[in-house]
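To find a chain, count down the sequence lines: A is the first, B the second, and so on, and within it residues start at 1.
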Amino acid sequence: MSFRAPKGTDDVLPPESRRWRELLRSWDLLAEQYGYAYVATPIFEATDLFARGVGEATEVVEKQMYSFRDKGGRHLTLRPEVTASVLRAYIQGGLSGEFKGAYSGPCFRYERPQEGRRRQFWQLGVEYLGAPDAEADLEVIELGYRYLLDCGLGDVVVHVNSIGDAPDRVAYHALLSGWLDERSHLLSKDAVRRIHTNPLRVLDSKADREVVADAPVPLDYLEGETAAHHDQLIAGLQERGIAHRHAPRLVRGLDYYNRTVFEYIPPSYAAAHNAVGGGGRYDGLSRLLGGGDLPGVGLALGLDRILSAAGQSPPARALDVFLVVADQERRSLAHAFARRLRAAGVRCDLVAGRRSVKAQFRAANRRDAALAVVIGAEWDRGMVTAKDLSSGDERTIPAGEVAAWVIGGPEGGR
RNA sequence: GUGGCCGUAGCUCAGCUUGGUUAGAGCGCCUGGUUGUGGUCCAGGAGGUCGGGGGUUCGAGUCCCCUCGGUCACCCCA
C-alpha cells in the first residue's frame, strides 16, 4: 500500500456519499428557508485572525492549528472554524446592519483523531449578525434543532447556559479565580494553569468535575439586562417546544462567546464527544477584529458527527436506469439514448466498453439502478426491454416511454 | 501532548500461545454454467513483499527490539 489519506482525514465514498450530499442539500435548503444567504470564505486566513478571534489562550489556537508560511512569507492558517472568517468578510466587505449568513465546508484542527474528532471535519453553520435580541438566539437554536430533527436525531436535547457579558465577567472571573485558587491542590494541571488565563474553562473540565461541582456558576451573577436576555431565551425555548436543559457549567472553548452558549446533545450518540453542534452569542467579536460594534449569534454543526449519530437511513436508488447493450453495434445508439434520458432528468448510466449482457446486468445491479433497459434488436421497431430490478418484472415498451415510466412507475407511460 | 488495544487478500478475520516445507476462510471482484437477463445456486479464476526495518535461529506470519500506521480513551471541540 503506497498512499493513504493523511492521518485524521476521511474519504467520502459511495454509498455513504449519497447520504452526505443529501444532508448538505437539506442544510442549504433549510438555511434558505430561514432567510440565511450562502457565504463562502477562504479555507485559509491570516493566522492572527484566529489568534485574535478565537482567543490566544484557547486549546484550538495554542496547539491545534495548521499554520504555515506561504512563499511570500505570510503567516497563514487552515481555518479551525468559520465564525471569525464570516465576521472578517462582513467587515472587509463594508456590509452594515443585519446580516444572516450560512456556510458549509471543511475545517482543520491538528488533534489526535478518534471517533467524532478528525483533523479535517465538515462544519455547517449560520451567523446572525447585527441582532442583539434573544429572539435571534432563539432563531439560531431553532434552526439547528430543526435540522437535526430532519436528519433523524429525534432525541436531541439543547443544553443552554449564559456566561454573562464582559462587565459581569470581570467581577465573576475574580470570584471564580479566587474560589479555584483555594482549591488548586485538588485540581488537574491544566485546570491550575487556567485559573488566571481562562477560569471559565475549568468549569466543564471532566477531570475536575467533582471539585467544581459546587463552584459559583456564571448564571448566578448575571446583571439585570443579561439575566432578562437569558430568561427570554428559556421562555422562548419552552414556547417553541425545543427540548432543552439548563447546563450551568457549559462554557465552550472559544473565547469570543458572551451571554448565550448552547450545545446539541443527542443521547443516542455514544461517542465521547457527544455534542453534534453548538454555538452562542459573540457580541464583542466584531470589535476584536477591528470592526464596529456588532452583536452576533451563530451555530456550527459537525456533519461527520451528525452522520454517525443518525446512522444510515434506508438509501434511495442511486440510478433510475442502467442501459444494457445487447448488440455491440448499437453502442453509439445506446449512448445517444442515454443522453436523451439524462436531458429528460433521468439518472442514467451504462458500462464503458464491450461487456457481456450478463456482466452488464450485474453492473446494473451493483450500481443500484431501479431499471435495466436493454437496447437490442427490438430497437429497430422503436422498442426497448425494461426490467424492474427489484421485482424482476420485465416488459417491452416504446423507447420514448422509458422516461415516463421512470417518473410515473410502470403505468406512467399509459 | 498522555495512556490502552490492534496491524495477515479490496473488506471482516483465522493461523502466533508450543517457530518447520506450497499462508487459509467468508464476503467482494472477474469468467463460465444461460452466445439477450442481474439479484439466488454451482464451478473456476485473479488478488498477499503476513505494515516497515533490524535482531535471534539451520529455519520467523509466529520470538525480541525499533519504527510507521490504525483505533479508543484522556485533553479539547463540531
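- Side-chain atoms of A/Asp208 never come within 3.5 Å of backbone atoms of A/Leu187 as a donor-acceptor pair (strictly under, hydrogens ignored).
- Separating the C1' atom of B/rA14 from that of B/rG32 is a span of 30 Å, rounded to the nearest Å.
- Taking atom P in both B/rG52 and B/rU31, the straight-line distance is 32 Å, to the nearest Å.
- Sorted by first and then second residue, the side-chain hydrogen bond (donor to acceptor under 3.5 Å, both in side chains) pairs involving residues 318-331 of chain A (not counting sequence neighbours) are A/Asp320-A/Arg347, A/Asp327-A/Arg330, A/Gln328-A/Arg331, A/Arg330-A/Asp380.
- Comparing A/Arg112 and A/Ala359 by the nucleotide of RNA chain B whose heavy atom lies nearest to each, the residue mapping closer to the 5' end is A/Arg112.
- Separating the C1' atom of B/rU71 from that of B/rU12 is a span of 16 Å, rounded to the nearest Å.
- Counting any heavy atom pair closer than 4.0 Å across all strands shown, A/Arg367 reaches no nucleic acid atom.
- When distances are taken from the side chain of A/Arg305 to each of B/rG36, B/rC30, B/rA78, the shortest belongs to B/rA78.
- The separation between A/Arg354 atom CZ and B/rC30 atom C1' is 19 Å, rounded to whole Å.
- Comparing B/rA73, B/rU31, B/rC74 by their closest approach to the side chain of A/Glu115 singles out B/rA73.
- A/Asp393 has its CG atom 14 Å from the C1' atom of B/rU37, to the nearest Å.
- The ring-ring contact (aromatic ring centres under 6.0 Å, His included) search around A/His75 returns none, not counting sequence neighbours.
- If you take CD of A/Gln360 and C1' of B/rU35, they are 14 Å apart, rounded to a whole angstrom.
- Nucleotide B/rC11 holds its P atom 12 Å from the CG atom of A/Leu13, rounded to whole Å.
- With both ends at atom P, the span from B/rG33 to B/rG53 equals 44 Å, rounded to whole Å.
- When ring centroids are compared, A/Tyr264 and A/Phe262 come within the 6.0 Å threshold.
- Atom CD1 of A/Ile265 is separated from atom P of B/rA78 by 11 Å (rounded to the nearest Å).
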Distance-only check: which donor-acceptor pairs under 3.5 Å involve side-chain atoms of residues 138-159 of chain A, not counting sequence neighbours?
from: A/Glu139; atom 1: OE1; to: A/Lys100; atom 2: NZ; distance (Å): 3.4
from: A/Glu139; atom 1: OE2; to: A/Tyr36; atom 2: OH; distance (Å): 2.6
from: A/Glu139; atom 1: OE2; to: A/Lys100; atom 2: NZ; distance (Å): 2.8
from: A/Glu142; atom 1: OE1; to: A/Arg240; atom 2: NH1; distance (Å): 2.8
from: A/Glu142; atom 1: OE2; to: A/Tyr34; atom 2: OH; distance (Å): 2.7
from: A/Tyr145; atom 1: OH; to: A/Ala243; atom 2: N; distance (Å): 3.2
from: A/Tyr147; atom 1: OH; to: A/Leu23; atom 2: O; distance (Å): 2.8

Atom pairs under 3.5 Å: protein N/O with N/O of nucleotides 39-44 of chain B:
from: B/rG39; atom 1: O4'; to: A/Asn365; atom 2: ND2; distance (Å): 2.9

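- For A/Phe50, the ring-ring contact (aromatic ring centres under 6.0 Å, His included) criterion is met by no residue, not counting sequence neighbours.
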Map every base of RNA chain B to its dot-bracket character, where paired means a Watson-Crick or G-U wobble contact with both distances under 3.5 Å and | marks a partner outside the strand.
(((((((..((((......[...)))).(((((.......))))).....(((((..]....))))))))))))....
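- Residues satisfying the side-chain contact (heavy atoms from CB on, under 4.5 Å) test with A/Ser286, not counting sequence neighbours, are A/Leu87, A/Ile91, A/Leu294.
- The distance from atom CD of A/Glu111 to atom P of B/rU2 is 15 Å, rounded to the nearest whole Å.
- Residue pairs that meet the ring-ring contact (aromatic ring centres under 6.0 Å, His included) test with at least one member in residues 348-371 of chain A, sequence neighbours left out, do not exist here.
- Atom C1' of B/rU8 sits at a distance of 15 Å from the matching atom of B/rG69, rounded to the whole Å.
- Look at CZ on A/Arg355: it is 15 Å from P on B/rG36, rounded to the nearest Å.
- Residue order along RNA chain B, read from the 5' end via each residue's closest nucleotide, puts A/Asp10 first among A/Gly278 and A/Asp10.
- Here A/Ala363 lies out of heavy-atom contact (under 4.0 Å) with every strand.
- Checked for salt-bridge contact, A/Arg74 and A/Asp70 meet the test: a charged N lies under 4.0 Å from a carboxylate O.
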Nucleotide N/O of nucleotides 6-9 of chain B paired with protein N/O under 3.5 Å:
none

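- Contact annotation for A/Lys7: backbone-only contact, meaning every heavy-atom pair under 4.0 Å involves sugar-phosphate atoms and none involves a base.
- With P as the reference atom, B/rG26 and B/rG44 are 11 Å apart, rounded to whole Å.
- Remark: A/Phe68 pairs with no residue by the ring-ring contact (aromatic ring centres under 6.0 Å, His included) rule, at least two apart or across chains.
- Phosphate contact (OP1/OP2 of B/rC29, side-chain N/O of A/Arg366, threshold under 4.0 Å): present.
- One finds a side-chain N or O of A/Gln114 lying less than 4.0 angstrom from the OP1 or OP2 phosphate oxygen of B/rA73.
- Pairs of residues two or more places apart, or lying in two chains, that qualify as ring-ring contact (aromatic ring centres under 6.0 Å, His included) and include a residue from residues 320-346 of chain A are A/Phe337-A/Trp379.
- Remark: the A/Glu394 side chain and the B/rU37 base include a donor-acceptor N/O pair separated by less than 3.5 Å.
- Between B/rC6 and B/rC63, the distance separating the two P atoms is 12 Å to the nearest Å.
- Atom CG in A/Leu307 sits about 19 Å away from atom P in B/rA78, given to the nearest Å.
- Using a 4.0 Å heavy-atom cutoff across all strands shown, A/Ala372 reaches no nucleic acid atom at all.
- Within 4.0 Å of A/Glu378, counting heavy atoms only, lies at least one base atom of the nucleic acid.
- In terms of the ring-ring contact (aromatic ring centres under 6.0 Å, His included) criterion, residue partners of A/His230 (sequence neighbours excluded) are, by chain and number, A/His246.
- The closest donor-acceptor contact from the side chain of A/Asp204 to the backbone of A/Leu250 lies at 3.5 Å or more, if one exists at all.
- Tested against A/Glu111, the residues A/Gln64, A/Arg119, A/Lys63 include a single side chain to side chain donor-acceptor pair (under 3.5 Å) partner, A/Gln64.
- With both ends at atom P, the span from B/rG47 to B/rA23 equals 14 Å, rounded to whole Å.
- Side-chain proximity of A/Phe361 to the nucleotides B/rG36, B/rG38, B/rA78 is greatest for B/rG38.
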